[in-house]
Amino acid sequence: MNRAEALEQMAPILSTTARAVDHGPGTRVLVADGGALALRTGSGAQSRVLTEEGTGGLYRFLGVERLAPQLEPATRAKVATELLAARGRYTLLLQDGQVTDVAKAGDYRPLNPERVIDQVGRTIPEADFARVLLLPHHTVQLEIVGADTGAVGVPGTHERVNDLVRAGVSLGFSPIGTIQPLVQSYVSRLVCTNGMVTTDVLRNFSFGGEGDSLWHWFRESIRDSYGAMGRIVERWNQLAAETVAPEDRAMILTALLKEAGFAKETVEAVRARALEEVPTSMYEMLQLVTWGSSHVERDPVRVVRAQRAAGRFHAAETHERRCPTCRRTR
């Protein structure tokens, strides 16, 4: 997937924008057709209807969610206008020309998604966007792989020697700034493109910097996360060397699937795959979960939850992996 295709898949989230408003003499809350409220942000400005969700957000922002329903529409509009004037500055969330939420100034810090993606192209050679996950609260997770490859496998202990993988990064951010941006390492297995977010070089940006500090942080974090593949492959080699006794397979897989939080259908598919390709090492156990998150599970929230569970498994010490129901070290 190229840059344009990634942006196209993000379209449902990109349709929502955040706009800061300085309340002025011409700003009014009005009663629109049908009794809905509308907001005019200045003299001569176009009135924007508040959706049902936006009306609730306005009431919560003004602290009148219990009082407002008891008032006549015209009274509600007048009260809302006066209280907004007292706030002075606030942020509107807009979608399709309508107001879907009202929040304090500074609650949302918009990020230009095209500029976010440009940091990838400037940092990762031959970047390819593997997947776009649209998540709640106007957030997105981009999974990106580059040209650099590595090989996983331990001769004599793992039948799939030289399992090729590609280095990448995962970017989590919100175009309207509902979360702090996140960058972490991402590795994709070439044989069937199972992707996995790892805990290596996991960084959050803390808003508050000045100038281009955010974009510098993006470039540095992407570069370091992408360069972490060598450490990840080394750990995967260790997992490939950790054999799983037949009597332990069911327990470990059950515990992993429970932590992953897959839908019932995905759990059944992963178990069926485990019967077809019996996992004999911890690496193969891990790949069952990543396969489920990449090939079967469709709910983005569950996909991310499963990736985090796989990341914890990947980062855990040997005893924790062998006894996932215990979670204690020696």
Should the heavy atoms of other residues, nucleotides or ligands under 6.0 Å from CD of Glu247 be counted, would the total exceed 12? yes
Passes side-chain contact (heavy atoms from CB on, under 4.5 Å), Thr290 versus Arg189? Steps please. CA-CA 9 Å; Thr290 60; Arg189 181 168 170 247; over 6 Å; no
Classify the ring geometry between Tyr90 and His23 as parallel (under 30°), tilted (30 to 60°) or perpendicular (over 60°). tilted
Are Gln95 and Glu53 close enough that a side-chain donor and a side-chain acceptor fall under 3.5 Å? no
Can a donor-acceptor pair be found, under 3.5 Å and without considering hydrogens, that links the side chain of Arg305 to the backbone of Gly261? yes
Using only atom types and a distance under 3.5 Å, with no angle test, would you say the side chain of Arg66 pairs donor to acceptor with the backbone of Gly63? no
Between CZ on residue Phe313 and CG on residue Leu256, distance to nearest 0.5 Å: 5.0 Å
Given 3.5 Å as the limit, does a donor-acceptor pair link the side chain of Tyr226 with the main chain of Pro125, or not? no
Transitively linked via ILVMFWY side-chain contacts under 4.5 Å: Val197 with Val301? no
Of all the heavy-atom pairs spanning Met10 and Leu134, show the shortest one and how long it is. CA-CD2, 4.1 Å
Report yes or no: do Leu182 and Trp217 belong to one cluster of Ile/Leu/Val/Met/Phe/Trp/Tyr joined by side chain heavy-atom distances under 4.5 Å? no
So for atom CD, which belongs to Glu8, do other residues, nucleotides or ligands contribute more than 12 heavy atoms lying within a distance under 6.0 Å? no
Consider only side-chain N and O atoms of Glu52 and Thr55, and report whether a donor and an acceptor are under 3.5 Å apart. no
In Å and rounded to the nearest 0.5 Å, what is the NE2 to CD distance from His314 to Gln238? 9.0 Å
Between Val102 and Arg87, does the side-chain contact (heavy atoms from CB on, under 4.5 Å) criterion hold? Intermediate values first, please. CA-CA 12 Å; Val102 183; Arg87 297 296 192 275; over 6 Å; no
Side chains of Thr280 and Glu284 only: does a donor on one sit below 3.5 Å from an acceptor on the other? yes
Arg273/Glu276 ion pair, N-O < 4.0 Å: no
Where Leu111 and Trp215 come nearest, the two heavy atoms and their spacing: CD2-CH2, 4.2 Å
Is there side-chain contact between Trp291 and Val296, with at least one heavy-atom pair below 4.5 Å? yes
Determine, stepwise, if the pair Phe173 / Leu142 fulfils side-chain contact (heavy atoms from CB on, under 4.5 Å). CA-CA 9 Å; Phe173 72 99; Leu142 298 180; 3.9 Å; yes
Between Phe218 and Arg122, is there a side-chain heavy-atom distance shorter than 4.5 Å? no
Mind checking whether Leu286 and Trp236 have side chains closer than 4.5 Å, heavy atoms only? yes
What do you reckon, is CD of Glu220 surrounded by more than 12 foreign heavy atoms closer than 6.0 Å? yes
Quick one: does Leu253's side chain get under 4.5 Å of Val270's, heavy atoms only? yes
Heavy-atom closest pair, residues Arg76 and Pro69: NH1-O, 4.1 Å
Please examine the side chains of Leu14 and Pro113, heavy atoms only from C-beta on, and report whether any two atoms are closer than 4.5 Å. yes
Distance-only polar pair, side chains of Arg40 and Thr81, donor-acceptor under 3.5 Å: no
Between Thr266 and Glu297, does a side-chain hydrogen bond (donor to acceptor under 3.5 Å, both in side chains) hold up when you go through it step by step? CA-CA 6 Å; Thr266 307; Glu297 188 61 62; 2.8 Å; yes
Any donor-acceptor pair under 3.5 Å from Ser185 side chain to Ser225 backbone: yes
ILVMFWY network linking Leu92 to Val64, side-chain heavy atoms under 4.5 angstrom: yes
Shortest non-hydrogen contact from Ser174 to His138? OG-O, 2.8 Å
May I ask you to decide whether Glu259 forms a salt bridge with Arg308, counting only side-chain N to carboxylate O separations under 4.0 Å? no
Roughly how far apart are Leu39 CG and Thr27 OG1, rounded to 0.5 Å? 7.0 Å
May I ask whether Met1 and Ile117 are part of the same hydrophobic cluster, defined by side-chain heavy atoms of I, L, V, M, F, W, Y residues being less than 4.5 angstrom apart, directly or through others? yes
With a 4.5 Å heavy-atom cut-off, do Ser170 and Gln141 have their side chains touching? yes
Closest non-hydrogen atom pair between Val233 and Ala151, with its separation: CG1-O, 3.2 Å
What closest approach, in Å, do Tyr108 and Leu93 show between heavy atoms, and which atom pair accounts for it? OH-CD1, 3.5 Å
Looking at side-chain heavy atoms only, is the closest gap between Leu67 and Val79 below 4.5 Å? no
Gap between atom OG1 of Thr178 and atom NE2 of His137 - 0.5 Å precision: 7.5 Å
Decide yes or no for Ile222 and Val169: does some side-chain heavy atom of the first lie under 4.5 Å from some side-chain heavy atom of the second? yes
For Pro136, is there any backbone N or O sitting under 3.5 Å from a side-chain donor or acceptor partner on Thr139? yes
Hydrophobic cluster membership, with links at side-chain heavy-atom distances under 4.5 Å among I/L/V/M/F/W/Y: are Ile179 and Leu214 in one? no
What do you reckon, is CG of Asp33 surrounded by more than 12 foreign heavy atoms closer than 6.0 Å? no
Exactly one of Arg223, Arg231, Gln184 clears side chain to side chain contact (heavy atoms under 4.5 Å, CB included) with Val201, and that residue is Arg231
Is there a donor-acceptor contact under 3.5 Å from the side chain of Asn112 to the main chain of Glu114? yes
Between Gln119 (side chain) and Arg115 (backbone), is there a donor-acceptor pair under 3.5 Å? yes
Just how far is it from atom CZ of Phe129 to atom CD1 of Ile124, taken to the nearest 0.5 Å? 8.0 Å
Whether the Ser293 and Gln307 side chains hold a donor-acceptor pair (N or O, under 3.5 Å, no angle test) is what I'd like checked. no
Given side-chain contact (heavy atoms from CB on, under 4.5 Å), test Ser213 with Phe205 step by step and report yes or no. CA-CA 10 Å; Ser213 61; Phe205 179 79; 4.1 Å; yes
Distance (rounded to the nearest 0.5 Å) between Thr123 OG1 and Asp118 CG: 10.0 Å
Quick check on side chain to side chain contact (heavy atoms under 4.5 Å, CB included): which of Val145, Val165, Thr149 does Ser188 satisfy it with? Val145
